[in-house]
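Model, not experiment: these values are computed from the prediction. So that the names make sense, note that chain A is the first sequence line, chain B the second, and so on, each numbered from 1.
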There are 2 protein chains.
Amino acid sequence: MTTMLEVAKRAGVSKATVSRVLSGNGYVSQETKDRVFQAIAESGYRPNLLARNLATKRTQTLGLVVTNTLYHGVYFSELLFNAARMTEEKGRQLILADGKHSAEEEREAIQYLLDMRCDAIIIYPRFLSVEEMDEIIDRHEQPIVVLNRRLRRNASHSVWSDHKASSQAAVSRLIEMGHREIAFITGSLDSPTGGERLSGYRAALAQHNIPLRDELVVEGRWTPASGAAAVSTLLTRQVAFSALVASNDDMAIGAIKQLHESNIAAPQAVSVIGFDDVAIAPFIVPSLSSVRIPVTEMIQETISRLIFMLDGGDFTFRQSFPGELILRGSVVPGPYA
Amino acid sequence: MTTMLEVAKRAGVSKATVSRVLSGNGYVSQETKDRVFQAIAESGYRPNLLARNLATKRTQTLGLVVTNTLYHGVYFSELLFNAARMTEEKGRQLILADGKHSAEEEREAIQYLLDMRCDAIIIYPRFLSVEEMDEIIDRHEQPIVVLNRRLRRNASHSVWSDHKASSQAAVSRLIEMGHREIAFITGSLDSPTGGERLSGYRAALAQHNIPLRDELVVEGRWTPASGAAAVSTLLTRQVAFSALVASNDDMAIGAIKQLHESNIAAPQAVSVIGFDDVAIAPFIVPSLSSVRIPVTEMIQETISRLIFMLDGGDFTFRQSFPGELILRGSVVPGPYA
DNA sequence: TTGTAAGCGTTATCAG
DNA sequence: CTGATAACGCTTACAA
């Protein structure tokens, strides 16, 4: 690989001059500039970013940590796509690190990005506790923002959507439509998001003085198959329900499929609600209602904050990203089972 | 940030010794090893990978270039997930670069990865020609493998699936089942993959002496919506068909939806075939048949080859990755329109 | 078994 | 406007 020194020799100048030409810092006569560019073209020179970054102590990269349990599906694509796009708009590069499927691996992924000297880091945690992330933020000088968690201490370092409130609103809406028996399929309950959505369900019932019935709640594992299985469980429990809320779209899709196969009218009803995904699901299952989480906006906010912490400049802090309830299809009030 | 020098001082040794302890190269007495580890723990030292990589001229990273037109959907998630997993299994890190949506931007993405000194590079091209990629491979000493294209000159640097053959086989299968009027929704025809699948369709017809009828072919743009639109076009053309093949699953899903809304029996039939995706689609649309492209296996082969080019070792060259036709549902022979 | 010192390819400070 | 030269933080002969 040809280095800056070779370019310098070929152009009959010093390394320093070549560096100036490339960076645009400092004065260089037009004449030598031309010679340098010529030499660069002739030699096919390419700067070594490792060397550059080592010298400047800046890498122009943002790191992103995501568990690979999130890698599947539309939500992740959307997240990644937007993160990459906005990062590049700010003249930086996104580096993705896999948080795999444990707290320890999430820590390692963060550590890798720090060792690579990313200028700033975005964490979309699955296993790390908020306490630990608060500590991590305190321990490091690099700007770090946490997505989808509400931090206590470093509030300005987190961007989240209030899952409990969204869930409560969605369920309340069903209640106001006349539903009293509402089934709920939770996500994995070791995930905060899963827990928050469940407590939103509980809160909505309480708010309307409807007693909570445990037999209407089934635990799923975020997948379509587990949503279908949950419906089977409900049916074998012989418990009647006129509406169903699932903690994400994938499970809602599985649930609708299972209801359909059991010859139950739900797929045509508005009364099945999911969360998160927005792309293909409603296209295929027009009856599926959903609470859309504004990923794009959240990523936008996240990256703006990081860039602000790095470069300063103008800054608009946006506190809340409420989920948006999108209702489709028409109401079918009757009990399904 | 604390550096290796500070650790060395604290442990009362030289930088070199610390380096030896960390890398495991060269002899160090157990005693000093212990002192060094202690000093590392006390100081919270972390190696600077930029410096290390600059010195070793190795980064332990593989670069991956993908157009962001691919970012949406299951196929991409699957690709990325497997690439990341396998890369890490080989003790490396995957760096993703966005090829955006033009040849120029694909070139820039490749260049960035080269400038970052990735040890090797995987290109999943959308706009670059095979000729240019052959040149790129020739020009650089880093191992480069191209996914989903058949290179002429650097055959061992490409991993692909024969889309034309898969498409031809799928269409032939329909013909053997008794279908004569088979509609075809192409992908964007500026994409080689789109072109290959279409020519497979033509070849199958020719092979069975069925005349090609242009009115049975509609151009889509890979999206569910364009699949639905294509069906509308077919219906307004008033042309009868008893089977339909779409160049990918997304369009097939859109097509099925549109057929369904037009009260046509297709959704229950085996006779709609898509390509690529495998995760959610058939779960939601059980009748959808599909040619599954073995992404996982292809990524596996790609990474093995790269690692072989880097480290040597054992190596199994796998030439062909045929698509796998997965038929679902039952045959409905009658014409749909 | 350990230390010294010369790189790795840039940037950045200071003279000139 | 340009050139030396000292960093940046690490690895790796070569000596000792």
Query - Spacing of A/Arg117 atom CZ relative to D/dG9 atom C1', expressed in whole Å - result: 9 Å

Query raised in the report: Side chain of A/Ser161, backbone of A/His163: donor and acceptor closer than 3.5 Å?
Result: no

Query raised in the report: Taking for each residue the nucleotide of DNA chain C with the nearest heavy atom, is it B/Thr32 or B/Ala51 whose nucleotide lies nearer the 5' end?
Result: B/Thr32

Query raised in the report: For the side chain of B/Ala16, counting heavy atoms from C-beta on, which of C/dT4, D/dA4, D/dC10 is nearest?
Result: C/dT4

Query raised in the report: Within the structure shown, what part of the strands sits under 4.0 Å from B/Ser29 by heavy-atom distance: base, sugar-phosphate, or nothing?
Result: sugar-phosphate

Query - Phosphate contact (C/dT2 OP1 or OP2) by B/Thr17 side-chain N/O below 4.0 Å - result: no

Query raised in the report: So does A/Arg20 reach the base of D/dG3 with its side chain, donor to acceptor, closer than 3.5 Å?
Result: yes

Query - Gap between atoms CZ and C1', on B/Arg52 and C/dG9 respectively (whole Å) - result: 18 Å

Requested in this report: Tell me yes or no: between the side chains of B/Asp119 and B/Thr61, is some donor less than 3.5 Å from an acceptor?
Outcome: no

Query raised in the report: Can B/Glu132 and B/Arg107 be counted as an ion pair, charged N to O under 4.0 angstrom?
Result: yes

Query - Sugar-phosphate, base or nothing in reach of B/Val18, heavy atoms under 4.0 Å - result: nothing

Requested in this report: Return the value, rounded to whole Å, for the distance between atom CG of B/Leu54 and atom P of C/dG7.
Outcome: 14 Å

Query raised in the report: Taking only side-chain nitrogens and oxygens of A/Ser19, does any of them come within less than 4.0 Å of OP1 or OP2 of C/dT10?
Result: no

Query raised in the report: To the nearest angstrom, how far is B/Arg58 atom CZ from D/dG9 atom P?
Result: 25 Å

Query raised in the report: Checking all strands, does A/Ser23 fall into the base, sugar-phosphate, or nothing category for heavy-atom contacts under 4.0 angstrom?
Result: nothing

Requested in this report: For B/His157 and B/Asp134, run side chain to side chain donor-acceptor pair (under 3.5 Å): C-alpha distance rounded to whole Å, both residues' side-chain angles, the deciding distance at 0.1 Å, then the answer.
Outcome: CA-CA 9 Å; B/His157 291 244; B/Asp134 256 327; over 6 Å; no

Query - Interatomic distance, A/Met116 CE vs D/dC10 P [rounded to whole Å] - result: 15 Å

Query raised in the report: Looking across every strand, which nucleic acid part, if any, lies under 4.0 Å from A/Arg46 by heavy atom: base, sugar-phosphate, or nothing?
Result: sugar-phosphate

Query - Polar side chain donor-acceptor pair, B/Asp34 to B/Gln38, under 3.5 angstrom - result: no

Query raised in the report: B/Arg126 and side chain to side chain contact (heavy atoms under 4.5 Å, CB included): which partner among B/Asp190, B/Asn68, B/Asn148, B/Val66?
Result: B/Asp190

Report summary line: Per nearest nucleotide of DNA chain D, the residue lying toward the 5' end, A/Lys33 or A/Lys15, is A/Lys33

Report task. Nearest whole angstrom, please: distance from the P of C/dC8 to the CG of B/Leu50. Result -> 18 Å

Query raised in the report: Quick one: A/Asp115 CG to D/dC10 C1', roughly how many Å, whole number?
Result: 13 Å

Query raised in the report: Between C/dT4 atom P and B/Lys9 atom NZ, what is the distance in whole Å?
Result: 13 Å

Requested in this report: Look at A/Tyr45 and C/dT10 and indicate whether a side-chain polar atom (N or O) is within less than 4.0 Å of OP1 or OP2.
Outcome: yes

Report task. For B/Val28 and for B/Ala55, find the nucleotide of DNA chain C with the closest heavy atom, then tell me which residue's nucleotide is more 5'. Result -> B/Val28

Query raised in the report: In terms of side-chain heavy atoms of A/Val13, which of D/dG3, C/dC8, C/dA6 is nearest?
Result: D/dG3

Report task. Assign A/Lys57 to base, sugar-phosphate, or nothing according to its heavy-atom contacts below 4.0 angstrom with the strands shown. Result -> sugar-phosphate

Query raised in the report: Just to confirm, is there a sub-4.0 Å distance from OP1 or OP2 of D/dT12 to any side-chain nitrogen or oxygen of B/Thr56?
Result: no

Requested in this report: Have a look at B/Ser14 and say if it touches a base, only the backbone sugar-phosphate, or nothing, with a 4.0 Å heavy-atom cut-off.
Outcome: base

